[in-house]
**Q** 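One structure coming up, written as C-alpha cells, with questions to follow.
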Protein chains: 2
Amino acid sequence: MVTIRDVAQASGVHVSTVSRTFSAPHLVSAETRNRVLAVAEGLGYRPNRAARALTTGRTHNLGLIVADIANPFFPPLIKAAQAQARERDYHVFVADTDENPLMEQELIETLCKQVDGVLLCSPRLSNRVIERLRAQVPFAVVNRRVKGLPTVLMDVGQGVRAAVEHLADLGHRRIALLSGPSGSWTSEEMHATATDAAAEAGVELTVLRPNEPTEQGGLAAAAAVAGSGMTGVLCHNDLVALGLIEGLRERGLSVPGDLSVIGVDDSLPGRLNRPKLTTITMPTAAAGRMAVDLLLAAVNAGDAATAALARLETTLIVRESTGPAAPSALPARLPASPAVR
Amino acid sequence: MVTIRDVAQASGVHVSTVSRTFSAPHLVSAETRNRVLAVAEGLGYRPNRAARALTTGRTHNLGLIVADIANPFFPPLIKAAQAQARERDYHVFVADTDENPLMEQELIETLCKQVDGVLLCSPRLSNRVIERLRAQVPFAVVNRRVKGLPTVLMDVGQGVRAAVEHLADLGHRRIALLSGPSGSWTSEEMHATATDAAAEAGVELTVLRPNEPTEQGGLAAAAAVAGSGMTGVLCHNDLVALGLIEGLRERGLSVPGDLSVIGVDDSLPGRLNRPKLTTITMPTAAAGRMAVDLLLAAVNAGDAATAALARLETTLIVRESTGPAAPSALPARLPASPAVR
DNA sequence: GTGAAAGCGCTAACAG
DNA sequence: CTGTTAGCGCTTTCAC
C-alpha cells in the first residue's frame, strides 16, 4: 500500500507538504504541488480516508437505512441519495432493516462510528428511540416527523385528498383505505387525511389494517374488500394495489369495471401494469437528494443546526384503474341519502 | 465520543486490556472481562472500526457496485448481499455507476482504501481494466468472466436454450433477440446460446442490438419488430420485454395473440404484468449471498486465493406472454422447408 | 493475565 | 511556503 510517506520520500518533501497538497492545495507553492501531484500519480497514491477520518473527525461517509431495499419505493431514493452524496464527495453505506425496528437500532449503533450522519427513510423506530440515538450521530429523516431533526416529508395528504375527491366524483359512496404498517408516518398521514377528505366529500370510509406493504398484503385484503359493498379502494402503495387487483380478479371482479383501485408511489410495476394504475406520485428521487443535502447541512452546522423541514408535493395521476362506480356494485344497505358534495 | 481510554480509566485497567476484552476476550480473566464489559455498556462505548482498521488493515467494509440501482434486477441482489455481509459483521457501501464505465473505475479507486473487497455486479468495465485494478483491492464479480477472480455466474444460457425451444415448439419459425448493452457478459452469453439453440431448433434468429436495458429500449424496438414477420421475441430483460409489449400494443399487435415475448429476470414488474410475462429466472438473491461469501473467502485467503466459480441455474418460467405462432403472422417469405426439430 | 510502548496513515498547530 | 511534532482510537508485540 502506497502511503503519504512514500510520496514524500519520492518527491523530496516532508509528509505534511504532501498532506497539504491534497487537503489544502493553496498552501503549497505551485511548483512543489505539481511535483508532488506527479509523483503521487505515478505511484498510484490515493489518500486513505479512514486514516484521515481519525484526525479530522470526519469520515465523509453517510449511512442510509431503509426498511426494504427490494420494495420498489426505495431504489429510486437510494439511487438519488447515493448520487447526490457522491457529488459532495461522500460515500454511502446502505442497510436494510427487514422492517424490523430492533435491527434498525442495532444498525444505527454499529454504523454511527463510521459515518458523519445517518439518513433514516420511513423509519420503523419510535420517535422516542430516535431522539435518544441522535446524541450519537446526526440524523435526517424522510417521511417521519421528529421534532428538531432535518426532515423531508412527501406530502401524501395532498394526493390522498385528490384521490378521495376523484373517487367521490366518479360516484363512489363507500370506499376503503388499505392501510400500511404501524409506525409508518405515511400510513398515519394517509389515514388522517383520508378520514377528513371522506367526511368532506360525504363518502363512507372504512379502514382496513394493518396490511403488509406488499402484493401479498393486497392479495390477502381482497377477501375483505370483495362483496363488502365498497367500490373504491385507496391502497398504502402500488404493490398493495396490484396485489388487490389480482385478488379481485381471482374472485371474478374487474378493475375498473367493478371496483376502482388507487395506489401510492408511481412505481415501475404500477406504470407497467394493465390496467395502468391510478396512483399518487411520491417524489422519491427528489426526496433522496434533498435529504442528503439537509443531512450534510446539519453535519456541517454542528450545534448551530436549525432543523429544516422540506415538504415535497404529491399529486394524483389518473390512469386506468379508476372509473365510474358500477351501479350493480352499489350495496342494498346504502345509507339513505349520502350527502353529495 | 467515548473511547477505549474512557472505559479503561473507569474500570481501572489499561487500554490494552479493554482492547483485548473486545478483540480477544479469551486472553482476559473472566472477572476483569465482565467488569470492563459492564463499564463499557454503561458508558455506551462502541469500538471505532475506522481506528481499528488502521492497525489491523481490515476495514470490515465491502463495496458493492452496480450499474443501476433502480433497475429491478439489482435490488434483490443488493438486499441479499448486504444481509449476508452483515451476518459476517461487514458493512457495505453501495454505489451506482449509471451504466458508465469511467464512473465505475473512479468509484473503485476511491472506495478501495475503505473496503476489504469490492463486489462488481454485471460490470461495464473491460476485463483489461478490471485485471489492472485488482492489484488495489480484492474483487468478486457477478455475471462476468474474469479469469482468476471469484465469480458467480447466472447461467442464463440454460434458460435461453429452453426459451428458444419453447418458441420453436409453439411453431414460431422466425424469432428475434433484443440484445442488451455491450460489455454485458449476460448479453453475450444470451447471444451465443440463442444462436446455437436456434440453429438446432431450425428456426431463424435475428439479433437486434444494442438496446437500452429498460422499457424505453423495448418500446423503441417495437418498430423494428412489428411487421418484420418475426413472431417470437426473446428480450434482454423483463423491462425490455414489457416495453416491447407496450410498443406492440400501440401498433395494434397483441401478445401472445400476434407475437410471443419472453423476458429475463423474473422481476416484480414482470410477475405483476398482464399478460404475466414468460421469463427466465435469475437467482439474484442467491447470487448476492454467494458472491459475498466468495469475496470474503478471497479476502481472508489473501495470496493463497484459489478463485472459485459458481454457476447458478436459471430456468424458463412459462406464463402468459407466449403462445402458438399465429398463422397470419407467418411471413410469405418463409424459407422453403425449415427443418422441424 | 495485564501493562508499557510503538505505530497504523494522516492532519493540524506551531515554528521557522 | 515548508518542516517538526504530537496525536486521532485502536491493536499488537514484548515484558513482567
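Chain naming here is simple, since letters A, B, ... match the order of the sequence lines and numbering starts at 1 in each.
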**Q** Decide yes or no for Val129(B) and Leu133(B): does some side-chain heavy atom of the first lie under 4.5 Å from some side-chain heavy atom of the second?
**A**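 Yes, close enough: below the 4.5 Å cut-off.
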**Q** Could you tell me the separation between the CD atom of Glu31(A) and the C1' atom of dC1(D), rounded to a whole number of Å?
**A**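 Taking CD of Glu31(A) and C1' of dC1(D), I get 11 Å after rounding.
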**Q** Establish, with yes or no, whether the OP1 or OP2 oxygen of dT2(C) is under 4.0 angstrom from a side-chain nitrogen or oxygen of Thr32(B).
**A**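 So the side chain of Thr32(B) is within the cut-off, an N or O lying under 4.0 Å from OP1 or OP2 of dT2(C).
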**Q** Starting at atom CZ of Arg20(B), determine the distance to atom C1' of dC14(D), rounded to an integer number of angstrom.
**A**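 Answer to the nearest Å: 11 Å.
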**Q** How about Ser19(A) and Ser16(A): does a side-chain donor come under 3.5 Å of a side-chain acceptor?
**A**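 Note: Ser19(A) and Ser16(A) side chains miss the donor-acceptor criterion.
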**Q** Which atoms form the tightest heavy-atom contact between Arg144(A) and Thr151(A), and what is the distance?
**A**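 In terms of heavy atoms, the two residues are closest at O-CG2, 3.3 Å.
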**Q** Rounded off to whole Å, could you give me the NE2-to-P distance for the His26(B) and dG1(C) pair?
**A**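 Atom NE2 in His26(B) sits about 10 Å away from atom P in dG1(C).
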**Q** Protein-nucleotides 8-10 of chain C N/O pairs closer than 3.5 Å?
**A**
unit_1  : atom_1 : unit_2   : atom_2 : d
dC8(C)  : O2     : Thr55(B) : N      : 3.4
dG9(C)  : N2     : Ala51(A) : O      : 3.3
dC10(C) : OP1    : Tyr45(A) : OH     : 2.7
dC10(C) : OP1    : Asn48(A) : N      : 3.0
dC10(C) : OP2    : Ile4(A)  : N      : 2.4

**Q** Side chains of Asn127(A) and Arg132(A): is there a donor and an acceptor less than 3.5 Å apart?
**A** no
**Q** With a cut-off of less than 4.0 Å, is there a side-chain N or O of Thr17(B) near OP1 or OP2 of dG3(C)?
**A**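 Yes, because at least one side-chain N or O of Thr17(B) sits under 4.0 Å from OP1 or OP2 of dG3(C).
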**Q** Please confirm whether any donor atom in the side chain of Arg33(B) sits under 3.5 Å from an acceptor in the base of dG1(C), or the reverse.
**A** no
**Q** Over all strands shown, is Val18(A) touching base, sugar-phosphate only, or nothing at heavy-atom distances under 4.0 angstrom?
**A**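 Here Val18(A) touches no strand at all.
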**Q** Is Asp96(A) salt-bridged to Arg86(B), going by a charged N under 4.0 Å from an acidic O?
**A** no
**Q** Can you measure Leu43(B) atom CG to dG9(D) atom P for me and round it to whole angstrom units?
**A**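 It works out to 14 Å between those atoms.
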**Q** Give the rounded distance in Å between these two atoms: NE2 of His14(B) and P of dA15(D).
**A** 17 Å
**Q** Honestly, is Lys113(A) close enough over Phe93(A), meaning NZ or CZ under 6.0 Å from the six-membered ring centre and within 45° of the axis?
**A**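 No - Lys113(A) does not lie over the ring of Phe93(A) by the 6.0 Å and 45° rule.
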**Q** Select base, sugar-phosphate, or nothing to describe what Ser16(B) touches, counting heavy atoms under 4.0 Å on all strands.
**A**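 Here Ser16(B) touches the bases of the nucleic acid.
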